[in-house]
Amino acid sequence: MRLLLVEDNRELADWLGKTLRQANYVVDIVHDGEDVEHALAAGDHALVILDLALPRMGGLEVLRMLRARGNRVPVIVLTANASLDGRVKGLNEGADDYLAKPFQIEELEARIRAQLRRANDRTAPVVSCGDLVFDTNTRLFSLAGETLALTPREHAVLEQLMVKAGRTVSKAALSAAIYDFETDADPSAIEIYVHRVRKKLEGSRVRIVTLRGLGYLLRHED
Amino acid sequence: MRINSLRLQLLAWVVLPLVGLATINLWTSHRNALTTADLVTDRMLMGSARAIAERAAVTDGVLDATIPPAAIEMFDTGDRDSVYYHVKAAGGRLLTGYPDLPEAPEHASVGASYRDHPLRLLTLSHAVIGAGADSPITVTVGVTLAGHDAMVRRLWLSAFTQQLALVAIAGLFVLLGLHRGLAPLIRLRDAVRSPNRSELDPVEVPGAQSEIRPLIDALNAYMERVRAQMAAQRRFIANAAHQLRTPLALLSTQASYALRENAADARQEALVALQASSGRLARLAEQLLTLSRAEPGSRRPRADSDRPQYRSRPRGGRPRAGHR
């Protein structure tokens, strides 16, 4: 899952990014309200974490602009202002959730998971495809009860396919979901990651099917 | 003696001079009463002496004086006055009356004493036609002062009663006026005391006099200053709380990262960063403390007094105040 973190305090942004990457999220960081729209257009972000006190363009303004353009990406607002008025205003402008600083990272992660569940029309925290199970709380894959060891990229590929299980995911969409801005996106490398994941899924009934010219599809065979 | 009650003070200021004036007035009216009684008594004495003198006549070559009863009875005013008189011929021969009654100078009345009674005397000389060497006769009439004094008392008492009533009514009106005049002050007190005045909004006292208005205005101005100071303090505390929120979030994030990280060097890096953050946070707290000593109570104008700005980050960070 690729997240966009908008926070102007660089240090907090860096460490939040690191912590979220620990949990196998792909995280892009921008420090400025005006960069948000551009960043969202360039990447396929599943969720935005938005600080309200931003230079040049305030968080509420960013939110208003996104919603005005019909962007429905889930947004969790972060703010140092925990007043009722501030919270109501943020939610009214189209925020999906609201978290006041200082917060515990566990709470932020739980709220991210809740928003992603809702965005993907799920209610259970566990997603499965045959023997393959993805626990969104621990963010770990397991195959037939055994935890699957995956690199961050492999994890991102498999998570994307899992979330869209049963539907075709194009190479471009996969690429947009697994690369952050700091990496040179290399679409041909996707094939390598898919290949490695396939190897790790060997021996189970779960298959990654290649549809030439269309993309990939995760499914399990009976 | 100090009088602390405004009512008593004003009452004293109004009533005491009034009593002084009334005293002077009473003394004057006593004098007037005395003059009036003297005048009345003198007129009666003159009337009585004339009546006696008119009766003096020469009959058969002999000068004779009889006392008409009316001349004596006119003094019968119910005060048991005694009337003394004598009539003498020009040579000093007593025609009738009390021989040892003193005489008064011509055409004047005097106070005198006869048989241990003070009395008022009047002597009249009157020519009697045909009396020859015996003319003119002198008629002296004296009356004791019971009726005179009673008249003085009556005249004076009525004046005294009037003045007393005047002072009492004045005092009553002073009290009444004060009660009405002080009512706005009482309302002001109630308004300030009122339990539903938790906010320091201005006190409004309808009907307050122009003398009390400045007090109310001063009170309101004072409350406005207190309110402004309280608001400044509240703003300062809110700002300080905001200042601390982001660094605290950073600390907590770094701690969480270190706890979850398995790689020793990455964990080390997080712990070092955490230590640096906590040092900066301590310095920020120190700055806030210093600022708190200078800011909320300070009357000195500051360039940006209601929005303190501090740098929480050393590298190119913007101040974090002003969260909406």
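So you know, we letter chains A, B, ... as the sequences are listed, proteins then strands, and number each from 1.
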Review point. Can you name the closest pair of heavy atoms from Ser252(B) and Phe103(A) and give their distance?
Key: OG-O, 3.1 Å
Point to revise | Pairing of Arg21(A) and Glu261(B) as salt bridge, 4.0 angstrom limit | key: no
Point to revise | Donor-acceptor contact below 3.5 Å, side chain Glu11(A) vs main chain Leu250(B) | key: no
Exercise for review: Check whether any side-chain N or O of Ser256(B) sits under 3.5 Å from a backbone N or O of Glu106(A) as a donor-acceptor pair, and report yes or no.
Suggested key: no
Review point. Given the options Leu108(A), Leu16(A), Asp85(A), Leu78(A), which has more heavy-atom pairs under 4.5 Å with chain B than any of the others?
Key: Leu16(A)
Exercise for review: Compare all side-chain heavy atoms of Lys18(A) with those of Glu269(B) and state whether any distance is below 4.5 angstrom.
Suggested key: yes
Exercise for review: Answer yes or no: are there more than 12 heavy-atom neighbours, outside Gln275(B) itself, under 6.0 Å from its atom CD?
Suggested key: no
Check your understanding: If you count heavy-atom pairs under 4.5 Å with chain A, which of Ala270(B), Ala238(B), Ser277(B) comes out on top?
Key -> Ala270(B)
Point to revise | Engaged part of Ala266(B) at the chain A interface, taking heavy atoms whose separation is under 4.5 Å | key: neither
Review point. With side chains defined as the heavy atoms from C-beta onward, is the minimum distance between Arg260(B) and Thr19(A) less than 4.5 Å?
Key: yes
**Study point:** More than 12 heavy atoms from other groups under 6.0 Å of CZ on Arg64(A)
**Key:** yes
Check your understanding: Which atoms form the tightest heavy-atom contact between Pro102(A) and Arg245(B), and what is the distance?
Key -> CB-O, 3.8 Å
Review point. Side chain, backbone, both or neither: which part of Gln22(A) has a non-hydrogen atom closer than 4.5 Å to chain B?
Key: side chain
